[in-house]
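Notes follow once the structure below has been shown.
By convention here, the first residue in the shown sequence is residue 1. Read the numbers this way: they start at 1 and go in the same order the structure lists the ligands and their atoms. Just the heavy atoms: all of them, side chains too, but no hydrogens, waters or symmetry mates, feed the values below.
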Amino acid sequence: MTRRVAILISGGGSNMVSLVDSMAAVDHPAKPVLVLANDPAAGGLAKAQARGVATAVVEHRPFGKDREAFEAKLLEALDAAQPDMICLAGFMRVLTPFFVEKWAGRMLNIHPSLLPKYKGLNTHARAIEAGDGEAGCSVHEVTAELDGGPILGQARVPILAGDTPEALAARVLPLEHQLYPEVLRRYAAGDRTPVHLP
Ligand code: GRF
């Protein structure tokens, strides 16, 4: 049974593109059924449409601090597409337990750090600041704890002398585009063996 995947984005959606393109493989156990953005200006929406994937927008701004009201609308948009699982891909809104509990065990996220280090924002700057020798990205199951769920894959890069956060991000992002599709392929097939790159 082909798993139906909804992908949530907020911006350019480069990880979404990698996921959608990877699912074009004939033997892939999953297919994209919706790309959902919280911002109508998200550049990823046009990229999804160009790939023939249905899109929807649920703006968070009109709901102000009422996160659960926003998430109720997200759930409505998702219901229309009937996904089996969700991939968060550059989705920049923190989800409350109200939403996470409905999708527990069926929702993944990619985070640009070697979790459990550097949960939250500005991950590359923090790794450089700390004098770490390496950085990278992690794919994990989403739980109510921000960036805290079981890790399903990681990719590592060395931090080079003189690295800026931007330069480091530019080296990590292509690895995100390798890691996330590989984890999704396994996860959709029921395989939770962690992926490690290189
Ligand atoms: C990436 O660094 C990703 O790790 C983080 O958001 C950034 C942009 O992602 N979650 P994308 O290009 O919108 O997929």
Side-chain angles (χ1 to χ4, degrees), residues 5-24 30 32 34-51 53 55-60 74 85-95 99-100 103 107-129 132 134-143 145-159 163-185 187 194-198:
V5 179
I7 305 172
L8 272 57
I9 66 169
S10 295
S14 72
N15 276 288
M16 174 275 295
V17 167
S18 301
L19 292 172
V20 168
D21 288 351
S22 74
M23 288 185 269
L34 180 66
V35 170
L36 176 53
N38 65 297
D39 182 342
L45 289 166
K47 296 171 191 169
Q49 287 154 8
R51 286 163 172 79
V53 182
T55 60
V57 175
V58 177
E59 292 192 67
H60 64 279
L74 282 182
M85 63 175 288
I86 292 175
C87 287
L88 305 179
F91 187 68
M92 302 310 276
R93 305 300 297 169
V94 173
L95 294 166
F99 186 98
V100 171
W103 286 95
M107 182 156 57
L108 303 181
N109 180 47
I110 188 157
H111 179 75
S113 81
L114 295 174
L115 291 171
K117 296 180 82 170
Y118 311 125
K119 297 175 182 177
L121 299 174
N122 305 315
T123 59
H124 298 314
R126 291 156 65 193
I128 292 168
E129 184 61 31
D132 290 359
E134 59 179 9
C137 54
S138 306
V139 175
H140 63 95
E141 274 195 351
V142 176
T143 61
E145 183 199 350
L146 181 68
D147 301 327
I151 292 170
L152 295 171
Q154 289 195 313
R156 296 166 184 275
V157 296
I159 295 178
D163 253 344
T164 62
E166 294 70 26
L168 185 50
R171 283 208 311 282
V172 172
L173 196 57
L175 288 177
E176 295 181 23
H177 299 159
Q178 290 179 50
L179 179 69
Y180 211 170
E182 181 53 39
V183 171
L184 173 61
R185 176 183 274 271
Y187 194 79
V195 176
H196 292 291
L197 303 177

Just to confirm my output: which protein heavy-atom neighbour is closest to [atom], and how far is it?
atom	answer
atom 6 (O) of ligand 1	G90 CA, 3.6 Å
atom 12 (O) of ligand 1	S14 OG, 2.6 Å
atom 3 (C) of ligand 1	E176 OE1, 3.2 Å
atom 14 (O) of ligand 1	N15 N, 2.8 Å

Exercise. Which atoms of ligand 1 sit under 4.0 Å from any heavy atom of P112?
Worked result: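 Result: 4 (O).
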Exercise. Against heavy atoms of I110, which atoms of ligand 1 measure under 4.0 Å?
Worked result: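 Counting atoms of ligand 1 from 1, those under 4.0 Å from I110 are 10 (N).
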Exercise. Can you find an N or O of H111 that's nearer than 3.5 Å to an N or O of ligand 1?
Worked result: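 There is no such contact.
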Closest contact, heavy atoms only, [X] versus [Y]:
X	Y	answer
V58	L36	CG2-CD1, 3.9 Å
I151	P116	CD1-N, 4.3 Å
F91	N38	CE1-OD1, 3.7 Å

Exercise. With a 4.0 Å cut-off on heavy atoms, is I9 touching ligand 1?
Worked result: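 Outside the 4.0 Å threshold, so no.
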Exercise. At a 4.0 Å cut-off, with the gap strictly under it, does some heavy atom of G13 reach an atom of ligand 1?
Worked result: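 It does, in that a heavy atom of G13 comes within the 4.0 Å cut-off of ligand 1.
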Exercise. Taking N15 as the fixed residue, which of L173, L179, I7 is the one that meets the side-chain contact (heavy atoms from CB on, under 4.5 Å) rule?
Worked result: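 One option only clears the test, and that one is L173.
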Exercise. Within the structure, does at least one protein heavy atom fall under 4.0 Å of atom 1 (C) of ligand 1?
Worked result: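 Under 4.0 Å from atom 1 (C) of ligand 1, at least one protein heavy atom found.
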Tabulate below the donor-acceptor pairs under 3.5 Å that side-chain atoms of residues 119-128 make, not counting sequence neighbours, or state none.
from : atom 1 : to   : atom 2 : distance (Å)
K119 : NZ     : E145 : OE2    : 2.6
T123 : OG1    : P112 : O      : 2.6
R126 : NH1    : K119 : O      : 2.8
R126 : NH1    : L121 : O      : 2.6
R126 : NH2    : K119 : O      : 3.1

Exercise. Considering only heavy atoms from C-beta outward, does the side chain of R171 approach that of D163 to under 4.5 Å?
Worked result: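 Side chain of R171 against side chain of D163, heavy atoms only: contact under 4.5 Å found.
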Problem set entry | A42: partners by side-chain contact (heavy atoms from CB on, under 4.5 Å), with sequence neighbours left out |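 Expected list: I9, A37, L45.
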